[in-house]
Trainee: 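Right, I'll just put the structure down here and ask away after.
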2 protein chains.
Amino acid sequence: MSTKESSRDKLIKTASRLFQLQGYHGTGLNHILKESGAPKGSLYYHFPNGKEQLAVESVQLTAEFVRNQIQRGMDKKTDAIEAIQEFIKGMAEQFHTDDSQQGVPIATVALETALTNEPIREACQNGYESFQQVFTEKLLQSGYEERRARELGIVINSIIEGAFMLSFTMGSNEPLLLAAKNIPALLK
Amino acid sequence: MSTKESSRDKLIKTASRLFQLQGYHGTGLNHILKESGAPKGSLYYHFPNGKEQLAVESVQLTAEFVRNQIQRGMDKKTDAIEAIQEFIKGMAEQFHTDDSQQGVPIATVALETALTNEPIREACQNGYESFQQVFTEKLLQSGYEERRARELGIVINSIIEGAFMLSFTMGSNEPLLLAAKNIPALLK
DNA sequence: GTCTATAGCTCGATAGAC
DNA sequence: GTCTATCGAGCTATAGAC
């Protein structure tokens, strides 16, 4: 069970990175195979449903990774406002220091496929809901009322995704920095 | 000048729609040619730089259209907060009544190409800056200080883009509605 | 579990007649 | 300005040996 997952894992990890960088349609299976070093014959053995299955599991892996990052961010401060603000600031700082460019998680694939591929769209939706859940729980712990906490979880998700996308497109972390700056007003 | 632009215009309009729906890599030139009804031979006559040029001009056309929509929204109310709030509500209402699904403008192409195609990325950036400019001007007219108005223009852009993308992915207009609801807190 | 080979298709782009 | 024909490459997916 441990060694036999090796090729499979390499494929998923490489696919996650490339899908995030170049999108679903912009990334070919041959490219993924070549970069992962996995043998071509094993792709359809591990992923009988081909590219679609690979994308669904890649999105799930990416979502899990991001969710953990958010969770760690929330654990750093007891106050929800501070925690969220610091988390976004961290994203902004990491934005250009990270020399390995990495695209916007989930969103790139989501926008391409939401109208044409239901399993992939669903995986993206589940990912986003898991992010929102972490924010909402943090707000609940800080005393926000349940309905309000759920709503704000969605709004925070929106502003982070939008600011990330803008920062990515503009090549500047300013949108992320301004999002962080204006979080307190939003959560008042 | 009027009839000779016909094929060109059809190509750009069709390309704008398809790129928005399926992304840059997910949309083939043959598909665009077929849907537009334009003759294949004329594509490289009107767009010597091929697909890239078609994408750049498509993004510009989409950006101009969206910018005008925003501008019309801002003109509907004198108060900036009300105007922006109503504009987002309008997006939310239009979200599912519009039977012709249409994707998220600019963002889909931007995320796919920002790291790999500079001319297209630049066109997307210019589009986003033109949106922000409209919000900023509205805030200036409502008495916000210049620096603050510019910052809030970016933040509003972020939250709208993020909420739109989430609504699109989730298949629900809730993120847009919640964005609208929380705009006043942000602009206080 | 892995490998090669290849089918069958679509892609973007070009050439050259008209 | 338009059209056909076609190139070379890449794509997803499958077949079948090992």
Trainee: Quick one: K34(B) NZ to dT10(C) P, roughly how many Å, whole number?
Mentor: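 Going from K34(B) (NZ) to dT10(C) (P), I get 9 Å.
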Trainee: With a 4.0 Å heavy-atom cut-off, tell me which residues in residues 105-116 of chain B come close to DNA chain C, sorted by residue number.
Mentor: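 Here the set is empty: none.
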Trainee: Under the side-chain hydrogen bond (donor to acceptor under 3.5 Å, both in side chains) rule, collect the residues that match up with N173(A), sequence neighbours excluded.
Mentor: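 N173(A) satisfies side-chain hydrogen bond (donor to acceptor under 3.5 Å, both in side chains) with no other residue.
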Trainee: State which residues pass side-chain hydrogen bond (donor to acceptor under 3.5 Å, both in side chains) with E35(A); sequence neighbours excluded, sorted by chain then number.
Mentor: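 Once residues adjacent in sequence are excluded, the partners of E35(A) under the side-chain hydrogen bond (donor to acceptor under 3.5 Å, both in side chains) criterion are R17(A), H31(A).
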Trainee: Indicate yes or no: at least one non-hydrogen side-chain atom of Q22(B) is less than 4.5 angstrom from one of E112(A).
Mentor: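 A side-chain contact under 4.5 Å is absent here.
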Trainee: Starting at atom CD1 of I32(B), determine the distance to atom P of dT10(C), rounded to an integer number of angstrom.
Mentor: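 These atoms are roughly 16 Å apart.
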Trainee: To the nearest Å, give me how far apart CG (L33(B)) and P (dT4(D)) are.
Mentor: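 One finds 12 Å between P of dT4(D) and CG of L33(B), rounded.
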Trainee: Tell me: CG of L54(A) to C1' of dC11(D), nearest whole Å?
Mentor: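 After rounding, the reported distance stands at 15 Å.
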Trainee: Using the side-chain hydrogen bond (donor to acceptor under 3.5 Å, both in side chains) criterion, which residues pair with T62(A)? Sequence neighbours excluded.
Mentor: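 T62(A) satisfies side-chain hydrogen bond (donor to acceptor under 3.5 Å, both in side chains) with no other residue.
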Trainee: With ring-ring contact (aromatic ring centres under 6.0 Å, His included) as the rule and sequence neighbours excluded, what pairs involving residues 136-183 of chain A come up?
Mentor: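 ring-ring contact (aromatic ring centres under 6.0 Å, His included) check on residues 136-183 of chain A returns no pairs.
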Trainee: Does S7(B) have a side-chain nitrogen or oxygen under 4.0 Å from the phosphate oxygens OP1 or OP2 of dG1(D)?
Mentor: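 No, because none of the side-chain N or O atoms of S7(B) sits under 4.0 Å from OP1 or OP2 of dG1(D).
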Trainee: By the ring-ring contact (aromatic ring centres under 6.0 Å, His included) test, which pairs, at least two apart or in different chains, include something from residues 9-28 of chain A?
Mentor: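 Residue pairs passing ring-ring contact (aromatic ring centres under 6.0 Å, His included), neighbours aside: F19(A)-Y24(A).
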Trainee: Starting at atom CG of L43(B), determine the distance to atom P of dT4(D), rounded to an integer number of angstrom.
Mentor: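 About 15 Å, once rounded to whole Å.
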Trainee: Just the table, please: protein N/O against nucleotides 12-15 of chain C N/O, every pair under 3.5 Å.
Mentor:
unit_1, atom_1, unit_2, atom_2, d
dG12(C), OP1, T27(B), O, 3.4
dG12(C), OP1, L29(B), N, 3.3
dG12(C), OP1, K51(B), NZ, 2.7
dG12(C), OP2, L29(B), N, 2.5
dA13(C), OP2, Y44(B), OH, 2.7
dA13(C), OP2, K51(B), N, 3.2
dA13(C), O5', Y44(B), OH, 3.1
dA13(C), N6, K40(B), NZ, 3.1

Trainee: For the pair made of CZ in F47(B) and P in dG1(D), what is the distance, rounded to whole Å?
Mentor: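 Rounded to the whole Å, the gap is 12 Å.
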Trainee: Got a sec, which residues hit salt bridge (charged side-chain N to carboxylate O under 4.0 Å, His left out) with K77(A), two or more places apart in sequence or on another chain?
Mentor: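 Listed in chain order: E82(A).
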Trainee: Please give, in whole Å, the distance from dA13(D) C1' to H46(A) NE2?
Mentor: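 Rounded to the whole Å, the gap is 17 Å.
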Trainee: With no hydrogens and no angle check, do the side chains of E129(B) and Q133(B) hold a donor and an acceptor under 3.5 Å apart?
Mentor: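 Not at all, the side chains of E129(B) and Q133(B) share no donor-acceptor pair under 3.5 Å.
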Trainee: Once side-chain hydrogen bond (donor to acceptor under 3.5 Å, both in side chains) is applied, do any residues pair with E151(A), and if so which ones, sequence neighbours excluded?
Mentor: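 Checked E151(A) against side-chain hydrogen bond (donor to acceptor under 3.5 Å, both in side chains); matches are K181(B).
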